[in-house]
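Have a look at the structure below, then the notes.
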Protein chains: 2
Amino acid sequence: MKIDGIDKIIIKRLVNDARTPILTIAREVGISGAAIHQRLRKLEKSNLIEGYKLVINPKALGYTTTAFVGIFLDASNLYSSAIKRLKEIPEIVESHYTTGNYAIFIKIMCKNNEDLMHLLNKDIQNIKGVSRTETFISLDQQIDRQITN
Amino acid sequence: MKIDGIDKIIIKRLVNDARTPILTIAREVGISGAAIHQRLRKLEKSNLIEGYKLVINPKALGYTTTAFVGIFLDASNLYSSAIKRLKEIPEIVESHYTTGNYAIFIKIMCKNNEDLMHLLNKDIQNIKGVSRTETFISLDQQIDRQITN
DNA sequence: ACTGAAAGCTTCAAAAC
DNA sequence: GTTTTGAAGCTTTCAGT
């Protein structure tokens, strides 16, 4: 799969705003809308494009607290059962199996610090195999982007 | 801003695939396409919808390593100058100012472990004020989603 | 790999409920 | 205030180049 300059323009525009009209891009690069469309289909089939997503503003839903939590597990064979339980907690938006101190590392979004504390002490600490957690609350996010080339 | 059942269906469908035809949703809920469209405009203006993004598959671009890096700063007033430098590193996809051990906490994506090591030792360690870093490499990601209600 | 045309979808304003 | 209508523009598909 090789990507030329036109593909890069298409991707750049749509990463920024997935609703940019294809005809706008077509006129910008000087080929027909159908040609742009065919390139997009090809990029989708090549697996480079994972999908198109509406991005929600969590703050508008009252989710103002973002935190990262390192989870210690008693034994690494408890990983899959713990993940199963973590998936049931909708506030957890990412989970990773990581090298280093922690077994599981999660990103979590809550409405406030009280909710975060409750999730940590009740929902997460009570999962079988979870011995301890370490929490980093995000006070400010300055970078949020994608890899695009 | 109140969100009813129809709005929830619209959001659910578009979070999953932002290219779902509005008319498909319209037929599903039994109102016209234009009505769905007007609800969307309202949701956009209400700030609930942050945008529509094409999501790229980093693996297709050769980025197979994801890591989290905690960065220690000599002094907290070096934060903004450090962020300025971190923004220049395209592999850094998130940065947070966090409570806890670290001053800055980043998510980074690299093509391989060698590139990660290079970025840590050359680009990040050489930023003024950065004294030390701690790295957690993600070996497996099981959860990746958004808050939607 | 690109074009052009037909069918379906989105968008916007105005009117209807 | 939300919904439908209708017209213009955009997307999608496909035969043809």
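Computed from a prediction, not measured in an experiment: that's the story for all the values here. Just so you know, these numbers use all the heavy atoms, side chains as well, and skip hydrogens, waters and symmetry mates. Letters A, B, ... mirror the listed sequences (proteins, then strands); counts begin at 1.
Residues that satisfy the salt bridge (Lys or Arg N to Asp or Glu O under 4.0 Å) test with B:Arg132, not counting sequence neighbours, are B:Glu134. Looking at residues two or more places apart in sequence or on another chain, you find no ring-ring contact (aromatic ring centres under 6.0 Å, His included) involving B:Tyr52. With sequence neighbours excluded, the residues forming a side chain to side chain contact (heavy atoms under 4.5 Å, CB included) with A:Ser81 are A:Leu78, listed by chain and number. Looking at residues two or more places apart in sequence or on another chain, you find no salt bridge (Lys or Arg N to Asp or Glu O under 4.0 Å) involving A:Asp144. Shown here are the salt bridge (Lys or Arg N to Asp or Glu O under 4.0 Å) partners of B:Arg13, two or more places apart in sequence or in another chain: B:Glu28. Scanning for salt bridge (Lys or Arg N to Asp or Glu O under 4.0 Å) contacts around A:Glu91 gives an empty result, with sequence neighbours left out. Here A:Ser138 pairs with B:His96 under the side-chain hydrogen bond (donor to acceptor under 3.5 Å, both in side chains) rule; sequence neighbours left out.
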Hey, what are the protein-to-nucleotides 7-11 of chain C N/O distances that come in under 3.5 Å?
| residue | atom | partner | partner atom | Å |
| --- | --- | --- | --- | --- |
| C:dC9 | OP1 | B:Arg27 | NH2 | 3.3 |
| C:dT10 | OP1 | B:Ile22 | N | 2.4 |
| C:dT10 | OP2 | B:Ile22 | N | 3.0 |
| C:dT10 | OP2 | B:Leu23 | N | 2.6 |
| C:dT11 | OP2 | B:His37 | NE2 | 3.3 |
| C:dT11 | O5' | B:His37 | NE2 | 3.2 |

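Atom-to-atom distance recorded for B:Ile89:CD1 and B:Ile127:CD1 is 4.5 Å, nearest 0.5 angstrom.
Nucleotides of DNA chain D that come within less than 4.0 Å of any heavy atom of chain B span, from the 5' end to the 3' end, D:dT2 to D:dT12.
Rounded to an integer number of Å, the gap from B:Gln38 CD to C:dA15 P is 14 Å.
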